[in-house]
Amino acid sequence: MGEQGEQGERDTDGISGSGEGRDRARPAPARRGLVIAAWSVAALLVLGAGGGAVAYLKIDGNIRSVDINTQLGDDRPQDIEDGSLDILVLGSDSRSGANGAYGRDEGAARSDTAMVVHVHEGRKKASVVSIPRDTLVTRPECARRDGTSEPAAYRAMFNTAYEVGGPACAVKTVEQMSGVRMDHYVEVDFTGFKEIIDALGGVQVTTTRPIKDGSSHLDPGTHQLDGEQALGLVRTRKGVGDQSDLGRIQLQQAFVKALVEQVGKVGVFTSPQKLWGLADTATKAVTTDSELDGVKELADLAGGLSGLGADDINMITLPVRYDTVDPNRVVPVEAQAGQVWQALLSDLPVPASATRDTATGAAADVVR
């Protein structure tokens, strides 16, 4: 997972990505938001702050979506109606358009960050499972973007699913890995990530060690990161831990918790002006599944997540070990990964034993 990679793989690193939803709990009073709310939907509560019809139409027109249900059909895990919710959040490394500042556009983006966000019944707790982009998986047969068929592949990198078949193939791959049906899908790219952080006024983090590489230049101490600096941090790989994607995931997880706290600090839900600005920015920055492609749907989801704070979110990395054939790749530790997915299927907390003695990246305490 260091310098070596499959032919054509980008060396620069990125961030970032449905189905019939489960029974929804009534929205809780707006307080703080999960990463989904921060990235995409919490700001849509602007409608409840008096945005009016003009604001509704403008924000509604910002939203891009993909019809994953139609593309995947009925060959999916059972939709368990237990009041919980599963959302696949992907970060695209697209270099098209404004994202070209981060490298050459090679014609096909990949998902450099993937998180399965499981919101437990009652919307009081959430479990987040990060899937390393370099995880070797059996990728299912998928429809390519040009309409042709991409055959199933053994020992394919996880992030190639998005590359060959877009969001639908990414969702299909996660569902095949986990047995968990994804209720929703949210995707954000480099530029969208930066703009959302800037709309929030930046995010405060504390670093315990120097982070010095091509993406990030931070000394130990407390920093208020703007969008560009935040993007540099979550792209960092070579400057921390064992210089692997696993260490970068640990930085991303710490940043997500800081982001959740920032949403609660800036008064988004008490200032219509801040709410409007964040809503306008967020809806331009993301792509969702077709069941979240309207302001009302996103606002309903945001309301249901708004009671979650950083302490209510348990973030783990899928239990993996370094591959014995290619040490730059990881493979799931099947028994322990099974514990993770079974916990989500049962709407239970992920047991600590699921991640014991698995590869970590050695960067857990670099960012607080």
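Just so you know, residue 1 is the first one in the sequence shown, and it goes up from there.
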Any donor and acceptor pair, going by atom type alone, linking the side chain of [X] with main-chain N or O of [Y] inside 3.5 Å?
X    : Y    : answer
Q252 : V234 : yes
Q176 : T138 : yes
T207 : D219 : yes
D198 : G227 : yes
S346 : A343 : no
D245 : R133 : yes
Q204 : A258 : no
Q250 : A362 : yes
D347 : E121 : yes
S178 : V174 : yes

Rounded to the nearest 0.5 Å, how far does [atom2] of [Y] lie from [atom1] of [X]?
X    : Y    : atom1 : atom2 : answer
E195 : L231 : CD    : CG    : 11.5 Å
E334 : W341 : CD    : CH2   : 11.0 Å
C142 : L72  : SG    : CG    : 8.0 Å
I249 : I131 : CD1   : CD1   : 9.0 Å
H118 : K125 : NE2   : NZ    : 13.5 Å
D289 : S65  : CG    : OG    : 8.0 Å

Would you say [X] and [Y] make side-chain contact, with heavy atoms under 4.5 Å?
X    : Y    : result
S127 : L344 : yes
D183 : I87  : no
S353 : Q336 : no
T236 : R248 : no
R329 : M157 : yes
V89  : V188 : no
L345 : I80  : yes
F255 : V260 : no

Under 4.5 Å between side-chain heavy atoms, counting indirect links through other Ile/Leu/Val/Met/Phe/Trp/Tyr residues: same cluster for L88 and V137 or not? yes
F193 with L218, same ILVMFWY side-chain cluster at under 4.5 Å: yes
Give the C-alpha distance, both sets of side-chain angles, the deciding distance and a yes or no for side chain to side chain donor-acceptor pair (under 3.5 Å) between S84 and D82. CA-CA 6 Å; S84 65; D82 60 0; 2.6 Å; yes
Work out which heavy atom in [X] is nearest to a heavy atom in [Y]; give both atom names and the distance.
X    : Y    : answer
P132 : F158 : O-CB, 4.0 Å
V320 : V333 : C-CG2, 3.6 Å
D67  : S290 : OD1-OG, 3.4 Å
E187 : P167 : OE1-CG, 3.9 Å
K124 : D312 : O-CB, 3.5 Å
N328 : D134 : O-OD2, 3.9 Å

For T148 and D146, does a side-chain donor sit closer than 3.5 Å to a side-chain acceptor? yes
For the residue pair T206 and T222, confirm or rule out a side-chain donor-acceptor distance under 3.5 Å. yes
Disulfide (SG to SG under 2.5 Å) pairs, two or more places apart, involving residues 196-229: none
All pairs passing disulfide (SG to SG under 2.5 Å) where residues 182-261 contributes a residue, at least two apart: none
Tell me whether E150 is salt-bridged to R139, with the criterion being a basic N under 4.0 Å from an acidic carboxylate O. yes
D323/R155 ion pair, N-O < 4.0 Å: yes
Stepwise side chain to side chain donor-acceptor pair (under 3.5 Å) check, E141 with S149: CA-CA 7 Å; E141 180 180 359; S149 179; 2.7 Å; yes
Just do the side-chain contact (heavy atoms from CB on, under 4.5 Å) check on T360 and L246 with the steps written out, would you? CA-CA 6 Å; T360 63; L246 299 180; over 6 Å; no
Identified side chain to side chain donor-acceptor pair (under 3.5 Å) partner of T283 from the options N62, D293, T288: N62
Within a 6.0 Å radius of atom CG on D74, are there more than 12 heavy atoms belonging to other residues, nucleotides or ligands? no
Take I197 and D226, measure what side-chain contact (heavy atoms from CB on, under 4.5 Å) needs, and give me the verdict at the end. CA-CA 6 Å; I197 300 305; D226 63 18; 5.8 Å; no
Output, in order, the C-alpha distance, side-chain angles, deciding distance and verdict of side-chain contact (heavy atoms from CB on, under 4.5 Å) for Q71 and V66. CA-CA 9 Å; Q71 292 186 51; V66 57; 3.3 Å; yes
Working for side-chain contact (heavy atoms from CB on, under 4.5 Å), residues I63 and K284: CA-CA 6 Å; I63 303 168; K284 291 175 181 175; over 6 Å; no
